[in-house]
Amino acid sequence: MTDHMLEQLALQTFQGTVIAPMGRVYRGVIYPFAEGTQSMIYLADPSAPFVSGEGWLAFLATSRYRRPEGLTEKMREKIRTSYTTGNATVVLEKNEDYCLTSVCSAGGNSHRRWENVIARDNKEPNAADTDTHEYNKSLNECFHGTTDFGPGVYGYQQHLWIAALDGQAVLFVNHPGSSSESTGLRPGYWYGNGVMPALRQEEGMLGAVYHIGEEHPIRFTHVYCPASRFDEKRMEGQWLFLRKEKGYLALWCSGKMEPYDDWIFGCELRVYESDVAYLCVCGSEKVSGSFEAFREYAITLSPAFDRLEGMLLAKNFSLVYQFYQDETQYVS
């Protein structure tokens, strides 16, 4: 089990930092290079960032465990893949210039999920056997957020997607659980989503469509983009273009992205719309040529969003928002 955990961390490591969608995160998600798991990455690759604390390495002092071979090679390999973990399907693309990774959220996953037996009790009281491991596991999912992602599902502390040009130059969007970073709520300001979007990732591209219902008090989504961590940043109409060394990112939004500062400065763009779509495009000097050529390519994708249909369209890409009901969110 420990081998598998370390191999998954290595798979999701980009330029020495774990870049991944995650099931339970805190504010530190905005600084992935400083997360506690870095201590284990450092064991296999001393050139990676090191973080002490939280006791991640304590098991090595009290056992004869030896980590599996090949972790460093796995961290550095170019890969485009998807895999399941729990009820989630994770999509990953990484190469020497960028990393794009997400968890599927498109009206329920295509694979068979494990049954949350609490749903039996919701339909027929006392139908589930409470003196079992599966009942405790199911109850924990209800209190700590679903692991079956879909558009419209209420979030907890799940981090759904992230694009990165290195461990500090990262980009993502979420629907916060509060209007201020001073909150102690879960979901928080930068971690989790009040309402989950529809998400779809393809080669070098990711689309997201949010629909925030009238019952939710937070009426905006926002972009995390630490401008000082990139070598170039351009805002042009509905587009945001970013470069770090030889890696490129472009983010299109159907609404107006407005700069906003809370606890941190030059890192946030808010979009004050309840129905909104985003398209993230990744590129590199190797594939696209110059940064200007990448910019021109992104624009030719011609993204558009039909709010009434909940449909995001771009060249060779489409995503439709289909509301998904998840009974594991509720306890009767």
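Sequential numbering from 1 along the given sequence is applied to the chain's residues.
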Tyr248 and Phe294 aromatic ring geometry - parallel, tilted or perpendicular at 30°/60° bounds: tilted
Any side-chain heavy-atom pair of Lys315 and Ser302 under 4.5 Å: no
Main-chain N/O of Arg270 paired with Glu258 side-chain donor or acceptor, under 3.5 Å: no
Side-chain donor or acceptor of Thr72 paired with backbone N/O of Ala44 under 3.5 Å: yes
Asp129 side chain vs Thr132 backbone, donor-acceptor pair below 3.5 Å: no
Parallel, tilted or perpendicular: rings of Tyr26 and Tyr191 (30°, 60°): tilted
Axial cation check for Phe241 ring with Arg234, 6.0 Å and 45° limits: no
Shortest non-hydrogen separation from Ile218 to Ile212 and the atoms involved: O-CG2, 3.5 Å
Residue pair Leu11, Met75: steps toward the side-chain contact (heavy atoms from CB on, under 4.5 Å) verdict: CA-CA 6 Å; Leu11 180 69; Met75 292 177 195; over 6 Å; no
Glu236 atom CD, over 12 foreign heavy atoms within 6.0 Å: yes
Lys286/Glu96 ion pair, N-O < 4.0 Å: yes
Under 3.5 Å: donor-acceptor pair, side chain of Ser288, backbone of Glu285: no
Non-hydrogen atoms of Ala48 and Ile41 that approach each other most closely: CB-CG2, 3.9 Å
Backbone N/O of Ala277 and side chain of Ser254: donor-acceptor pair under 3.5 Å: yes
Common cluster, Ile299/Leu312, ILVMFWY with side-chain heavy-atom separation under 4.5 Å: yes
Asp3 with Arg67: basic N within carboxylate O range, under 4.0 Å: no
Under-4.0 Å salt bridge between Arg80 and Glu203: yes
Side-chain touch Leu171/Val223, heavy atoms, less than 4.5 angstrom: yes
Close side-chain approach of Leu249 and Leu165, heavy atoms under 4.5 Å: yes
Qualifying residue, where the test is side-chain contact (heavy atoms from CB on, under 4.5 Å) with Leu92 and the options are Ser102, Cys99, Ser82: Cys99
Lys/Arg-Asp/Glu bridge criterion (N-O < 4.0 Å) met for Arg307, Glu273: yes
Inter-residue atom distance Ser284.OG - Phe291.CZ, 0.5 Å rounding: 12.5 Å
Polar side-chain atom of Asp45 near backbone of Gly16 as donor-acceptor pair, under 3.5 Å: no
Atom pair CG (Asn174) and CD1 (Ile162), whose distance is rounded to the nearest 0.5 Å: 11.0 Å
Reference residue His175; test ring-ring contact (aromatic ring centres under 6.0 Å, His included); the match among His216, His211, His222: His216
Test item: Tyr224 side-chain N/O and Ile30 main-chain N/O as donor-acceptor pair under 3.5 Å: yes
Val29 vs Met22 side-chain heavy atoms within contact, under 4.5 Å: yes
Exercise: do Tyr272 and Thr221 side chains pair donor with acceptor under 3.5 Å: no
Check: Asn116/Glu141 side-chain N/O donor and acceptor closer than 3.5 Å: yes
Gln168 side, atom CD; Phe33 side, atom CZ - distance, nearest 0.5 Å: 4.5 Å
Single-linkage hydrophobic cluster, 4.5 Å side-chain cutoff, Trp263 and Val25 together: no
Check ion pair Glu134-Lys137 (N to O, under 4.0 angstrom): no
Residue pair Tyr278, Leu251: steps toward the side-chain contact (heavy atoms from CB on, under 4.5 Å) verdict: CA-CA 7 Å; Tyr278 294 89; Leu251 183 70; 4.3 Å; yes
Nearest atoms (heavy-atom pairs only) where Cys280 meets Leu100: SG-CD1, 4.5 Å
Cluster overlap Leu160 with Trp190, hydrophobic side-chain contacts below 4.5 Å: no
Minimum heavy-atom distance Gly177-Leu185, with the two atoms named: O-CD1, 3.6 Å
Between CG on residue Asn87 and CZ on residue Phe149, distance to nearest 0.5 Å: 8.5 Å
Backbone of Trp252 reached by a side-chain donor or acceptor of Gln238 within 3.5 Å: no
Pro32 vs Ile19 side-chain heavy atoms within contact, under 4.5 Å: yes
Short side-chain donor-acceptor distance under 3.5 Å, Gln15 and Tyr98: no
Enclosure of Tyr42 OH (heavy-atom neighbours >12, cutoff 6.0 Å): no
Within residues 23-44 or reaching into it, pairs that qualify as salt bridge (Lys or Arg N to Asp or Glu O under 4.0 Å) - sequence neighbours excluded: Arg27-Glu181
Side chain to side chain donor-acceptor pair (under 3.5 Å) between Asp275 and Tyr321, intermediate numbers included: CA-CA 10 Å; Asp275 293 280; Tyr321 184 100; over 6 Å; no
Side-chain (Ser290) to main-chain (Ala293) donor-acceptor, under 3.5 angstrom: yes
hydrophobic_cluster_shared for Val103 and Met196, side chain cutoff 4.5 Å: yes
Which atom of Val320 lies closest to which atom of Glu309, heavy atoms considered: CG1-O, 3.9 Å
Heavy-atom closest contact (Glu77 atom, Lys94 atom, distance): O-CE, 3.3 Å
pair Ser138-Glu115: side-chain heavy atoms closer than 4.5 Å: no
4.5 Å side-chain heavy-atom contact, Arg219 and Ser274: yes
More than 12 heavy atoms from other groups under 6.0 Å of CG on Asp131: no
Donor + acceptor pair across side chains of Ser178, Ser180 (<3.5 Å): no
Close side-chain approach of Trp239 and Pro303, heavy atoms under 4.5 Å: yes
Sidechain-backbone polar pair: Lys233 side chain, Cys225 backbone, donor-acceptor under 3.5 Å: no
Whether over 12 other heavy atoms sit under 6.0 Å from Tyr297 OH: no
Verify same cluster id: Leu71, Met40 (apolar side-chain graph, 4.5 Å): yes
Reported CH2-to-OG distance for the pair Trp161 and Ser105, which is rounded to 0.5 angstrom: 13.5 Å
Six-ring centre of Phe230, Arg243 cation under 6.0 angstrom, axis tolerance 45°: no
Asn193 versus Tyr210, side-chain donor and acceptor atoms under 3.5 Å: yes
Met257 CE to Glu268 CD distance, which is reported to the nearest 0.5 Å: 13.0 Å
